[in-house]
2 protein chains.
Amino acid sequence: MEPVSATTAEAKKGERTRSAILDGAVELASAEGLDGLTIGHLAAELRMSKSGLFAHFGSKQELQLATVAAAGERFRIEVIEPALALPPGAERLRAIGNGYLERVNDYAGGCFWFSVTAEYDDRPGPVRDAIAAAMDAWLALIAAEARAAGHEDPDRFAFEFYAAGLGANARFRLSGDRRGFDYARALLERFPGPA
Amino acid sequence: MEPVSATTAEAKKGERTRSAILDGAVELASAEGLDGLTIGHLAAELRMSKSGLFAHFGSKQELQLATVAAAGERFRIEVIEPALALPPGAERLRAIGNGYLERVNDYAGGCFWFSVTAEYDDRPGPVRDAIAAAMDAWLALIAAEARAAGHEDPDRFAFEFYAAGLGANARFRLSGDRRGFDYARALLERFPGPA
DNA sequence: CCTACCGATCGGTAGG
DNA sequence: CCTACCGATCGGTAGG
């Protein structure tokens, strides 16, 4: 009767399913990695058939790339976008940095980026390139805000904050030591920056 | 004729084979993780049969535990032992820290501990416990030397150096940026420590 | 989005 | 240390 409208409704439903799949995929990959993110495991968790899920992506690698993109998009929406309402510099840097640390601290699976960086940093290909691009953008964002905040060496500050985030996540997940989060938060208050 | 002597010779050969297997296992796990360390892949690389290799360990988990222990043992022999000839404090801290950074920089597969921490930090069990114990000992060693060197907050210094090591490895492997190694090395010269 | 299937590889075993 | 296997699971396909 109404083929166009029906098609639109179907497309919407497909989009919702795809989005639900990617939510599960980001969570699963944070804990099990992008290889441990098997199509069978993910399908079982979402109560779908393997082939039904698979049809949304066409290959394991496309699922991995979509998962990396989804993790970046969710981080952008939940942490970065809100902070852009603040003026550039110290205030915004603190909002972004603390927003990131809270997320890492709260998420059940720990930091998605820590997990996938360690997994793919030695394996050339599009998945690694997507992870590297996201991390480059993250460090560039921190450096830009640090520069606006008056840091003498913004690139170095960005590295230190990035490293502190990795370290805090690792220490907390492995040994239950939360002090790394305090050290990382303290970096955001160190102005105008170290010698 | 000489059953005891023959048995001893066989045991020696078994030990050498086991050691060669573990060398390959540490290298493979640095790049592919402890799950990607499959018995078939490792056997093919060493030109052994799967079951011949398997017989040395009895289970995948025992192979993983032996690999973690071997990585720790090799690090202890190559980096820590030589530094113990130096007096405790700044000198020894620099030797250990720089020795670690050189290793991470040089190794083809990157840092074994970075790879396996991200992989197992969310999976309870003996493998994760072994990794956590090794990392706790590593931070405690750095903290003890930092204390002897006069740092005001040795635990914090240990965290900062640990984090800088993770960050330097990640930035270099992902994006080819070696500046993290310079930042980490600079920490070893910052005496008696930050505020 | 499903059922039913494919060849390859996984960890592990039997028996020598 | 080997050959020859096992059931389970992998990514992916056919056909609907």
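Computed from heavy atoms alone, side chains included, the values below leave out hydrogens, waters and symmetry copies.
If you check every strand for non-hydrogen atoms under 4.0 Å, B/Ser49 touches a base.
Position along DNA chain D of the nearest nucleotide to A/Gly58 versus A/His41 favours A/His41 as the more 5'-ward residue.
For the side chain to side chain contact (heavy atoms under 4.5 Å, CB included) with A/Leu93, the lone residue among A/Leu86, A/Ile142, A/Leu187 that qualifies is A/Ile142.
For D/dC10, the paired base is C/dG7 (Watson-Crick or G-U wobble, both distances below 3.5 Å). Under the Watson-Crick or G-U wobble criterion, with both distances below 3.5 Å, D/dG16 is paired with C/dC1.
Among the nucleotides C/dC1, D/dA4, D/dG12, the one closest to the side chain of A/Ala55 is C/dC1. For B/Lys60, the listed nucleotide lying nearest its side chain is C/dG12; candidates were D/dG12, C/dG12, D/dC1. Closest contact between the side chain of A/Lys50 and the listed nucleotides C/dC2, D/dG11, D/dC1 involves D/dG11. The side chain of A/Phe54 has D/dT13 as its nearest neighbour among D/dC1, D/dT13, C/dG12. Which of C/dA14, D/dC1, C/dC1 sits closest to the side chain of B/His56 comes down to D/dC1.
Contact annotation: B/Thr17 side-chain N/O to D/dC1 OP1/OP2 distance is under 4.0 Å. Note on B/Thr38: a side-chain N or O is less than 4.0 Å away from OP1 or OP2 of C/dC10.
The distance between atom CD1 of A/Ile39 and atom C1' of C/dC5, rounded to the nearest whole Å, is 16 Å. One can place CG of B/Leu63 at 14 Å from C1' of C/dC10, the figure rounded to the nearest angstrom. Spacing between atom CG of A/Asp35 and atom P of C/dC10 amounts to 13 Å, rounded to whole angstrom units. Between the CD atom of B/Gln64 and the C1' atom of C/dC10 there is a distance of 13 Å, rounded to whole Å. Put simply, CG on A/Leu42 is 14 Å from C1' on D/dC10, counting in whole angstrom units. The separation between A/Gln61 atom CD and D/dG12 atom C1' is 14 Å, rounded to whole Å. Taking atom CG on B/Leu53 and atom P on C/dG12, their separation rounds to 12 Å, with Å as the unit.
Remark: A/Arg190 engages A/Glu160 in a salt bridge, criterion side-chain N to carboxylate O under 4.0 Å. Ion pairing between a basic and an acidic side chain is recognised when a charged N comes within 4.0 Å of a carboxylate O; A/Asp155 and B/Arg179 show such pairing. Salt-bridge formation is detected for the pair B/Arg171/A/Asp136: a Lys NZ or Arg NE/NH1/NH2 atom is positioned less than 4.0 Å from an Asp or Glu carboxylate oxygen.
Side chains of B/Asp35 and B/Tyr120: a donor-acceptor N/O pair is present below 3.5 angstrom, by distance only.
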